[in-house]
Amino acid sequence: NQVFATSHSCEFLYSFLQGIRDEVGDALLTDDIRVITLRNVKGVVKARTLTGKEALAAMDDGLELRV
């Protein structure tokens, strides 16, 4: 299954990733979850792809991700 979800709520993303980690551990976050962020850099839109585990770690370190 594939789910494409968008939201401007970093709280939702954080809760979603934590819920998956608490339910099944890091394996699903590493293997099956991808968080794609877009950023405008000098007029060019750049995409960055993170695993769910990387996204959760970035948020724990203070990075505010919006999806």
Side-chain angles (χ1 to χ4, degrees):
N1 295 332
Q2 184 175 12
V3 176
F4 178 80
T6 63
S7 171
H8 291 287
S9 172
C10 55
E11 293 82 10
F12 168 79
L13 177 61
Y14 192 75
S15 294
F16 174 75
L17 294 173
Q18 276 191 316
I20 290 172
R21 183 185 64 193
D22 292 346
E23 183 80 20
V24 296
D26 283 339
L28 187 63
L29 288 178
T30 302
D31 298 332
D32 295 333
I33 304 284
R34 295 293 175 268
V35 176
I36 301 169
T37 65
L38 300 175
R39 183 175 185 174
N40 188 332
V41 178
K42 298 181 181 178
V44 177
V45 176
K46 303 231 177 192
R48 176 173 67 163
T49 304
L50 303 167
T51 66
K53 186 175 180 179
E54 291 169 335
L56 191 56
M59 294 178 86
D60 282 339
D61 288 339
L63 178 66
E64 183 177 325
L65 295 178
R66 301 257 178 214
V67 294

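A quick note: this is a predicted structure, and the numbers were derived from the prediction, not measured. Side-chain atoms are counted along with the backbone in the values below, which use heavy atoms only and exclude waters and symmetry mates.
- Residues A55 and L17 share a closest heavy-atom pair of CB-CD1, 3.9 Å.
- The shortest distance between side-chain heavy atoms of R34 and L50 does not fall below 4.5 Å.
- In this structure K42 satisfies the side-chain contact (heavy atoms from CB on, under 4.5 Å) test with no other residue, sequence neighbours excluded.
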Under 3.5 Å, which donor-acceptor pairs do the side chains of residues 21-31 form with other protein atoms, sequence neighbours left out?
{"from": "T30", "atom 1": "OG1", "to": "D26", "atom 2": "O", "distance (Å)": "3.1"}

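- For V41, the side-chain contact (heavy atoms from CB on, under 4.5 Å) partners at least two apart in sequence or on another chain are R39, K46.
- Residues satisfying the side-chain hydrogen bond (donor to acceptor under 3.5 Å, both in side chains) test with D32, not counting sequence neighbours, are none.
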